Structures are given as C-alpha cells and as structure tokens.
Amino acid sequence: MAIPKVCGIETEYGIHVENGDPNPIAASSVLINAYAQDIVRQQTGWDFEDESPGNDARGYAREGSMPPKVETHLLNTVLTNGARFYVDHAHPEFSTPECADALECVRYDRAGEQILIRSMAAANSAVPDGRRFIVYKNNSDGKGNSYGTHENYLMDRATPFDRIVHGITPHFVTRQIFTGAGKVGSETPTHDGRQVDFQITQRAEFFEERVGLETTLKRPIINTRDEPHADPHRYRRLHVIVGDANLAEVASLLKVGTTSLVLAMIEDDIGGDRDLDLADPVRAMHQVSLDRTFGHGLEMSDGTTATALEIQWELFSLARKYADDRGLECMGNEGVGEEVLRRWEMVLHGLETDPMSLARQLDWVAKLRLLEAYRERHGCGWDDHRLAAMDLQYHDLRPERSLFARLDTEKLIDEQSVISAITEPPRNTRAWFRGQCLTKWPAEVVTANWDSLVFDLGTDPLRRVPMMDPLRGTADHVDELLRQSATPSELLDRLSS
Amino acid sequence: MAERELKKKSTGTDHAKESVEEVPATSAKGEKLKAELDDLLDEIDEVLEDNAEEFVRNYVQKGGE
C-alpha cells in the first residue's frame with residue numbers, strides 16, 4: 001500500500017527595494033530579521049547537520065552536475081508553526097511545515113503569505129531611511145531570471161526511482177494546464193521562433209532536462225536531490241521543482257493533491273492500458289505552456305499523439321478508479337482526497353468546455369481574464385508596458401497593490417484558519433512536536449531542523465532529539481508527554497526512558 | 001474524446017455525475033464576475049504603479065533555488 005503523502009511547499013519570494021540599496025540578500029535578511037525580532041521575538045536557528053543537497057537519487061552524480069551549496073552563514077529561522085523562514089540565495093524563502101494532506105498544505109502556504117506581509121510591514125517600520133520592501137509571490141522577473149516554488153512529497157524508499165520518473169513526468173508536463181500562474185510574453189526563444197503574447201506558466205520555459213540534480217542551471221523536470229530529512233532506509237522525499245507559485249487556492253490544492261494521488265498510484269504500481277510516456281517531455285513542457293487551446297498533440301513515445309487534456313483525463317480516470325478500489329488513506333485525509341478528485345474533474349471539464357469559466361479557480365485564467373478586459377477597454381497590444389506591470393502586480397503581496405487580492409477567487413480555507421496557522425503547527429505530523437517545543441521552551445531549543453531538535457539544558461553536552469519519522473510526533477502521539485513535562489529535562493528523561 | 005467518454009462511463013461513479021453538474025459556468029455567476037471585473041478596471045489605474053515601463057524595468061531578480 002502507498003504510504004501517506006506527507007507534503008510541503010517551499011516558496012522563494014521575489015523581493016524589490018524602493019528608495020535604497022537593492023541588494024536582495026541584505027533586503028531578505030532585513031525582512032526576516034524584522035519578523036523574527038519584532039513580531040515573534042524569537043529566533044531559533046537552523047541546524048545544518050542533516051543537509052546534503054548533493055546526494056543524487058539515482059545513486060550517482062552525473063559529470064558536470066552542480067549540487068547547490070548550503071549557505072550556512074545566511075539568516076535562518078524556525079517558527080512556532082513548524083515552518084522554516086530564511087534567506088535562500090537572494091530571496092526570502094518560506095517552507096511550510098510537513099502537512100498530512102493537500103488542503104492543510106494550502107493552509108500553511110497561505111499562512112506563509114501572511115508571514116511575508118507582516119514581515120514587509122515590520123521591515124518598513126524598522127528602517128528609518130525611507131526604504132520600502134516589496135515582496136512578490138511569483139517565479140520570474142520577466143528578464144530570464146527564475147526562482148522556485150518547490151513541493152515535497154513523502155515516498156516509500158522501496159519504490160524504484162526509475163518508476164517514479166516514468167510515472168510522474170507525464171503529470172508534471174500536463175498538470176500545468178491548471179497549476180500555471182500565467183505570464184505575459186516569454187523570456188527564452190521559442191522552438192518555432194514565434195512571438196508569445198501570454199503563456200500558461202511562469203516556469204515551463206526554464207526547464208531544459210528530463211532528469212537531474214541541478215535546480216538553478218539546466219533545470220530538470222525531475223529533480224534527483226536525495227535528501228529525505230527522514231529515515232533514509234524507509235523514506236524518500238520527492239523534491240519537485242516544476243511548479244508555479246499559486247495564489248488561487250483551488251489551483252494550489254490541485255497542484256499538491258493531484259500530484260500526491262499520482263505518486264500514490266506509482267507506489268502501488270497502478271497503470272492504465274495506454275503508456276503515457278512522452279517522446280520529448282522537455283519540449284512538451286514548453287508546448288503545453290504556450291497552448292491555450294489545449295488542441296496541441298504532444299508526441300508520445302509509441303508514435304501516437306495526445307493533448308495535455310487527454311493525458312490529464314487519463315490520469316484522472318486512473319485516479320478515480322484507484323480511489324474507488326483502494327480508498328484514499330494515502331491522501332492523509334479521505335475527505336480531502338475526494339475533494340481533490342471532485343475538483344480535478346470539474347477543472348478538466350471547465351478547461352475543455354470554457355476555460356474562462358475557471359477565473360475564480362485558476363491563476364492563469366484569472367490573470368488572463370483581467371488582462372484581456374484591460375486590453376479591450378484601453379485598446380492596447382500585448383507589448384504594452386501596462387500589461388507587464390499588471391502581470392507583476394498580480395503577485396504583489398502588498399494588500400493595497402495586489403491585483404490578485406482584488407479578484408474574487410474561490411476560497412477553500414477561512415481566514416481564521418490561516419491566521420492560526422501563522423503560529424500553530426499542523427497537528428498530524430512531526431511538525432506538531434517541533435512547533436510545540438519551540439512554543440514551550442524558546443530559550444532551550446537552540447537549533448532545529450526537519451528531523452531533529454537540539455536542546456540546551458544548561459549542562460554539557462547539547463542534547464539532540466531525532467525525529468526520523470514525519471508521521472510521528474503528532475498531537476495524538478506527544479500531547480500527553482508534553483503536558484506531563486514541565487521542563488525540557490523532564491521531556492528528555494521521558495523520551496529516553 | 002470518445003475514448004475518454006468510454007473510460008468515464010466505465011468507472012461509472014456518482015462522484016463523476018455530481019461534479020460535472022457543478023461546473024461554475026452558469027450565466028449568473030458569469031455576469032457577477034463580469035460586473036466585478038468592470039469595477040476592478042475602473043479602479044485599476046489608481047492601483048497600478050505610476051510609470052509602468054520604469055516599474056517593470058526596475059524589477060530585476062537574481063535566479064534562485
């Protein structure tokens with residue numbers, strides 16, 4: 001049986017400084033410091049003990065591949081909601097805590113947006129010199145520079161990596177039709193040299209390889225980083241780099257939910273009659289992003305063609321049958337699993353019949369609809385700077401400037417649940433233990449990371465508590481223990497007894 | 001498409017029927033969306049950055065990940 005698809009989203013936000021030093025590393029540090037010091041008044045550092053982004057899931061590293069460097073000197077904090085908030089390269093990055101289901105993941109992704117909004121406000125009032133920090137939840141500056149939104153899924157180590165590559169690639173290429181955040185123009189030459197007015201995704205054109213370890217150069221559709229942040233004998237963490245940052249909650253739910261389901265089917269070795277292997281997935285990725293009619297036939301390895309919609313319908317049908325045959329325990333929450341299936345079908349049907357009817361559900365449709373309405377009213381062409389500005393401002397997190405915030409998109413999570421996720425960890429993963437310990441003993445937890453906490457009990461040496469199973473350390477597991485322990489020493493005594 | 005129709009029928013679940021009926025393309029919803037879009041367009045010039053060309057030009061990021 002497939003293991004529960006514990007999941008998380010990491011978002012690198014775009015950052016811009018008005019009236020001051022544009023250095024993005026300095027700006028990101030000011031932002032995160034302002035949040036850590038002025039708002040939560042707590043700064044627990046990140047523990048780099050378990051970082052090894054150079055490990056390759058294929059068991060070897062290709063010649064010339066460049067594993068990312070671990071930047072231990074940059075600002076890194078762990079929050080009481082179990083999330084990591086830090087400077088990654090030249091961007092502020094928020095990683096949600098581990099979530100037990102896709103809807104919970106959307107909730108924490110939304111909490112991340114609120115944390116960035118609060119950080120902007122704190123940073124703007126902390127600096128006296130008139131600098132203004134502006135944060136964007138997008139993936140490209142429109143000039144060829146892209147930054148990522150990554151998803152993570154817990155996988156069974158026993159599943160052969162080749163099977164994952166073969167099984168998930170068609171989904172990554174074609175799910176773009178509902179995960180895309182939309183973009184005016186293009187930043188790389190197209191295969192046929194044509195001009196692009198608008199495309200479905202921010203990210204597709206930056207992908208150049210099928211499989212690989214890199215994330216910044218020659219980006220691969222399947223990233224092979226093998227860093228499980230859990231017991232490596234039992235688990236794998238699939239690190240997914242092909243997605244766009246979503247603001248629309250339905251798009252975000254479908255991005256994580258459909259991927260969880262397809263991955264569960266891969267673990268259970270479920271396939272249909274038709275082989276969905278694409279002849280050239282990289283090229284197909286670009287083609288799907290450029291095709292707003294969904295009529296473009298993608299070349300398949302068996303010599304036939306299939307549109308992105310046909311491939312999605314095939315995957316949906318398989319998933320529907322899989323759920324009916326085996327249930328949806330793999331989705332962490334069966335109700336959420338059903339909701340994902342219901343919306344998946346609804347969205348595919350909408351894309352097939354009237355894509356513009358999905359303006360409340362999908363980012364690229366919401367953005368395109370707004371741009372088209374503006375074009376109609378002002379009679380402007382796609383090269384008008386105002387359209388590029390609107391594209392950017394769709395993702396602007398400042399409430400007074402955000403165009404997304406002005407659109408009435410469908411909400412899945414009430415605002416109170418988003419607010420509580422800013423400080424409280426999810427109950428159904430080990431993030432609960434991490435977050436509760438940070439809340440209870442901010443001074444004694446000296447560092448933390450995904451799979452351990454380090455306590456300073458005032459006596460040598462420091463004590464590390466490993467958390468190698470993402471599904472242990474939940475509220476059900478540890479609340480009694482935490483209640484009984486008045487001090488970290490008592491907690492550690494109970495844990496080791 | 002015929003192939004897909006067949007597949008959907010063969011899985012034959014109630015969920016499928018329910019959700020097809022719930023597609024949000026009803027004209028009432030469409031009208032509401034359009035009215036909201038008109039309102040947004042009315043106010044958008046005030047929300048948009050003053051100099052679109054400069055604003056877009058100045059937004060430069062380093063590649064990430």
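All figures in this text were calculated on a predicted structure; none of them were measured in a lab. Lettering of chains follows the sequences in order, A, B, ..., and the numbering in each one begins at 1.
- Only the side chain of N138(A) comes within less than 4.5 Å of a heavy atom of chain B; its backbone N, CA, C and O stay farther away.
- If you measure heavy-atom distances from L370(A) to chain B, the contacts under 4.5 Å come from both the backbone and the side chain.
- Looking only at side-chain heavy atoms (C-beta outward), T307(A) and T174(A) stay at 4.5 Å or farther from each other.
- If you measure heavy-atom distances from E93(A) to chain B, you find no contacts under 4.5 Å at all.
- The contact between E46(B) and chain A is made entirely by backbone atoms, counting heavy-atom distances below 4.5 Å.
- Interface check for chain B: of the options E12(A), H16(A), E10(A), the most heavy-atom pairs under 4.5 Å are formed by E12(A).
- Ranked by heavy-atom pairs shorter than 4.5 Å toward chain B, the options R406(A), R386(A), E410(A) are led by R406(A).
- Chain A forms the most heavy-atom pairs under 4.5 Å with one residue out of L48(B), L37(B), N51(B), V56(B), and that residue is L48(B).
- S140(A) touches chain B through its backbone: at least one of N, CA, C or O sits under 4.5 Å from a heavy atom, while the side chain does not.
- Using cut-offs of 30° and 60° on the angle between ring planes, the pair H378(A) and Y374(A) is tilted.
- Proximity to chain A (any heavy atom under 4.5 Å) is restricted, for D45(B), to the side chain, taken from C-beta onward.
- In this structure, I25(A) and H89(A) have side chains that are not in contact, with every pair of non-hydrogen atoms separated by 4.5 Å or more.
- Formation of a donor-acceptor pair under 3.5 Å by the S402(A) side chain with backbone atoms of P399(A) is not found in this model.
- Within the 4.5 angstrom heavy-atom criterion, atoms from both the backbone and the side chain of L41(B) approach chain A.
- Proximity of the aromatic rings of Y59(B) and Y136(A) is defined here by a centroid distance below 6.0 angstrom, and this criterion is met.
- Within the 4.5 angstrom heavy-atom criterion, atoms from both the backbone and the side chain of D38(B) approach chain A.
- A donor-acceptor pair shorter than 3.5 Å cannot be found between the side chains of R203(A) and T149(A).
- Residues F206(A) and E187(A) have side chains in contact (heavy-atom distance under 4.5 Å, counting atoms from C-beta outward).
- Counting heavy atoms from C-beta outward, H91(A) and P24(A) have side chains that stay 4.5 Å or more apart.
- Among E18(A), M356(A), M390(A), E400(A), the residue with the largest count of heavy-atom pairs under 4.5 Å with chain B is M390(A).
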